[in-house]
Every structure is written in C-alpha cells, then in structure tokens.
A.B. asks: 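This structure is in structure tokens; I'll ask about it shortly.
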Amino acid sequence: MRLIGLIGGMSWQSTAEYYRLINEMVAERLGGLHSARCLLYSVDFASIERMQADGRWSDAAAELGTAARALEAGGAELLALCTNTMHKVAGEVQSHVRIPLLHIADATAEAALAAGVTTVGLLGTRFTMAESFLADRLATHGLRVLRPNAQDQRLVNDIIYGELCVGIVRPESRAAYRGVIRRLVSAGADGVVYGCTEIELLVDQSDSDVPVFASTRLHCAAVVEAALSVQ
C-alpha cells in the first residue's frame with residue numbers, strides 16, 4: 001500500500017470525512033484490521049478562508065504547497081487535497097512536489113460518464129459555483145455543467161460556511177438544498193455533483209430525483225485505488 005498524503009483542515013469536518021471514508025474503503029478492499037497508510041497535514045482553516053475572501057489565492061497556494069512538500073518529505077507517495085474549493089490552486093500545489101496529486105473533478109467526471117449522465121448541476125461554495133476551475137475540469141471530460149442562479153448560489157454558500165463547516169445540520173437547510181436541486185433538474189441537469197464535502201453531511205441521493213455524484217466519496221475511492229494499485 002502506497003503512503004497517502006492528505007492536505008486537510010478545510011474544514012476539519014471535511015477532513016474527518018476523508019479519513020473515515022478512506023479507511024473504510026481500505027478495510028472493505030483488504031478485510032480484517034486493515035486501514036490506510038496515510039499522513040495528514042491539517043491547516044488552520046480560518047487563515048485559508050481569509051485568503052479566499054480577500055482573493056489571495058497565490059498565498060493560499062503557497063501555504064498548501066508547503067503542506068504538500070512536508071508530506072512528500074515525510075514519505076507520501078501520492079497527494080489528495082481534502083476540499084473541492086482549493087482545487088482552484090491544484091496546479092500550483094502540484095508544482096511544489098514530484099508525487100502526483102489526484103484531482104477531485106477527474107474521479108467525479110468518470111463516475112458521471114459511467115452512469116450515462118451528460119449534463120450535471122454543480123453545487124459547492126460560491127467559488128466553486130461561480131468560477132470555472134471545477135466546471136472547466138469536468139467539461140474536459142465531455143460533461144455540460146449547469147450552475148445555480150445567483151440567489152441559489154448565495155443560499156448554498158451561506159449554509160456551507162455558516163452551518164456545515166461548524167457542524168450545524170438543520171432540516172430547514174436540507175429542504176432549501178432540495179429546492180436548489182429541483183431547479184437545476186428543471187434547467188436540464190440529468191445528474192447533480194455535490195461539489196463540497198460538507199454538502200454530503202446535509203443531503204444524499206434521497207434528496208434528488210436524478211443521480212447524484214458525491215465528489216468526496218468518489219475522490220476517496222480514486223485515492224484508495226491509486227494507493228492499492230500494483231506499481
């Protein structure tokens with residue numbers, strides 16, 4: 001098993017999901033008491049969030065690059081950014097190390113295409129929805145990407161940062177997300193990407209009439225596959 005390097009802390013709730021899922025998947029694959037060989041570098045999300053809000057993406061990339069180098073120096077053989085939003089700087093983070101960084105959008109797109117989906121609605125933070133870094137990566141695989149309208153983007157983002165990132169899960173917010181999903185489906189989406197780990201704490205497949213693609217779970221599966229693959 002190759003040693004996995006996890007860049008986490010954005011938020012710690014998100015990283016806890018990564019750690020749980022990766023270890024569960026390794027146990028399912030190998031059985032018994034097996035768990036993942038991994039290193040975790042957890043950043044202070046408050047500082048990263050300030051950089052996001054201020055548009056200081058190069059500073060954020062430098063901080064995550066420092067984390068990547070530390071993990072590589074510690075023996076990590078592959079990397080995963082435990083967040084959708086910070087894949088905005090995935091290329092810059094990759095440039096700091098020689099080991100591969102597995103991109104969350106690639107695993108998500110492959111799953112959608114395998115399910116026969118051609119148009120996906122994208123939910124995530126306002127950065128993920130409003131900017132093109134994740135949508136463009138999905139589009140390189142041949143997917144058409146729809147985003148919520150401006151009002152729905154604000155709603156989705158506010159629930160992520162104001163509630164889910166601090167461990168608050170409210171049934172009213174789940175109902176609000178269901179409304180956003182319905183509107184994306186009405187606009188033509190035949191699948192929905194849950195493009196933020198915290199979203200998966202609030203809604204699941206039962207909240208959508210079309211297939212959903214939980215990016216975190218799919219990313220974790222790709223990480224485990226890479227870690228267990230024969231070299």
Side-chain angles (χ1 to χ4, degrees), residues 4-23 36 38-74 76 78-97 101-105 107-108 122-131 133-134 137 153-170 173-174 176-177 193-203 214-220 223:
I4 301 166
L6 301 174
I7 304 175
M10 301 162 285
S11 63
W12 72 258
Q13 283 89 354
S14 168
T15 306
E17 279 296 287
Y18 265 86
Y19 186 75
R20 179 182 67 82
L21 287 167
I22 287 171
N23 279 287
C38 62
L39 298 175
L40 169 63
Y41 190 118
S42 188
V43 301
D44 178 5
F45 189 35
S47 64
I48 296 294
E49 192 277 333
R50 283 194 297 272
M51 293 173 192
Q52 292 174 343
D54 295 342
R56 293 162 44 217
W57 293 100
S58 60
D59 291 343
E63 184 161 337
L64 298 186
T66 296
R69 289 195 302 273
L71 290 167
E72 184 177 47
L78 58 96
L79 290 176
L81 267 172
C82 302
T83 163
N84 281 265
T85 299
M86 295 313 298
H87 276 77
K88 177 178 171 69
V89 296
E92 292 94 318
V93 175
Q94 177 67 84
S95 71
H96 284 266
V97 293
L101 186 152
L102 279 63
H103 200 290
I104 197 167
T108 304
L122 176 61
L123 300 181
T125 66
R126 67 182 176 89
F127 306 106
T128 298
M129 292 183 290
E131 300 187 31
F133 61 91
L134 202 67
R137 185 82 174 212
Q153 287 188 25
R154 285 193 297 272
L155 183 152
V156 170
N157 182 80
D158 288 349
I159 289 172
I160 290 171
Y161 280 98
E163 299 176 19
L164 302 178
C165 283
V166 292
I168 299 171
V169 178
R170 301 170 62 242
S173 297
R174 185 181 185 192
Y177 268 44
V193 172
Y194 290 170
C196 176
T197 308
E198 287 84 1
I199 288 176
E200 298 172 38
L201 304 175
L202 184 65
V203 286
S215 61
T216 292
R217 182 173 290 274
L218 295 166
H219 195 204
C220 288
V223 170

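Model, not experiment: these values are computed from the prediction.
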A.B. asks: Quick one: list whatever passes side-chain contact (heavy atoms from CB on, under 4.5 Å) with Met129, sequence neighbours left out.
C.D. replies: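 Met129: side-chain contact (heavy atoms from CB on, under 4.5 Å) contacts with Pro148, Gln153, Val156.
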
A.B. asks: In terms of the angle between their ring planes, are Tyr161 and Phe45 parallel, tilted or perpendicular, with boundaries placed at 30° and 60°?
C.D. replies: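 Parallel, since the angle between the ring planes stays under 30°.
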
A.B. asks: Apply side-chain contact (heavy atoms from CB on, under 4.5 Å) to Arg137 and list each qualifying residue two or more places apart in sequence or on a separate chain.
C.D. replies: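 Partners of Arg137 under the side-chain contact (heavy atoms from CB on, under 4.5 Å) test: His103, Ala105, Asp106.
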
A.B. asks: If we only count heavy atoms from C-beta on, is the Met10 to Leu64 side-chain gap below 4.5 Å?
C.D. replies: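 A side-chain contact under 4.5 Å exists here.
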
A.B. asks: Among Ile199, Leu122, Thr197, which one satisfies side chain to side chain contact (heavy atoms under 4.5 Å, CB included) with Asn84?
C.D. replies: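 Of the listed residues Ile199, Leu122, Thr197, the side chain to side chain contact (heavy atoms under 4.5 Å, CB included) partner of Asn84 is Thr197.
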
A.B. asks: Where the side chain of His87 meets the backbone of Thr128, is there a donor-acceptor pair that is under 3.5 Å apart?
C.D. replies: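 Not at all, since once roles are kept as given, no pair shorter than 3.5 Å links the two residues.
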
A.B. asks: Quick check, are the ring centers of Trp57 and Phe127 under 6.0 angstrom apart?
C.D. replies: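 Yes - the distance between ring centres of Trp57 and Phe127 falls below the 6.0 Å cut-off.
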
A.B. asks: Just jot down the side-chain contact (heavy atoms from CB on, under 4.5 Å) partners of Tyr19, sequence neighbours excluded, or say none.
C.D. replies: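 Residues passing side-chain contact (heavy atoms from CB on, under 4.5 Å) with Tyr19: Asn23, Cys38.
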
A.B. asks: Could you tell me which residues satisfy salt bridge (charged side-chain N to carboxylate O under 4.0 Å, His left out) with Glu163, sequence neighbours excluded, listed by chain and number?
C.D. replies: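 If we apply the salt bridge (charged side-chain N to carboxylate O under 4.0 Å, His left out) test to Glu163, skipping adjacent residues, the hits are Arg170.
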
A.B. asks: Hey, are Glu200 and Arg217 close enough for a salt bridge, meaning a charged N less than 4.0 Å from a carboxylate O?
C.D. replies: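 Salt bridge absent between Glu200 and Arg217.
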
A.B. asks: Do Gln94 and Val97 make a side-chain contact, defined as non-hydrogen atoms from C-beta onward lying under 4.5 Å apart?
C.D. replies: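 Yes, close enough: below the 4.5 Å cut-off.
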
A.B. asks: Any non-hydrogen side-chain atom of Leu6 less than 4.5 Å from a side-chain atom of Ile22?
C.D. replies: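 Side-chain contact under 4.5 Å: yes.
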
A.B. asks: Please enumerate all residues that pass salt bridge (charged side-chain N to carboxylate O under 4.0 Å, His left out) together with Arg56, with sequence neighbours excluded.
C.D. replies: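 With neighbours one apart ignored, the set is Asp54, Asp59.
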
A.B. asks: Please identify each residue that fulfils side-chain contact (heavy atoms from CB on, under 4.5 Å) with Leu202, with sequence neighbours left out.
C.D. replies: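 Testing Leu202 for side-chain contact (heavy atoms from CB on, under 4.5 Å), a comparison that skips the adjacent residues, returns Ile159, Leu164, Val169, Ser173, Arg174, Tyr177.
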
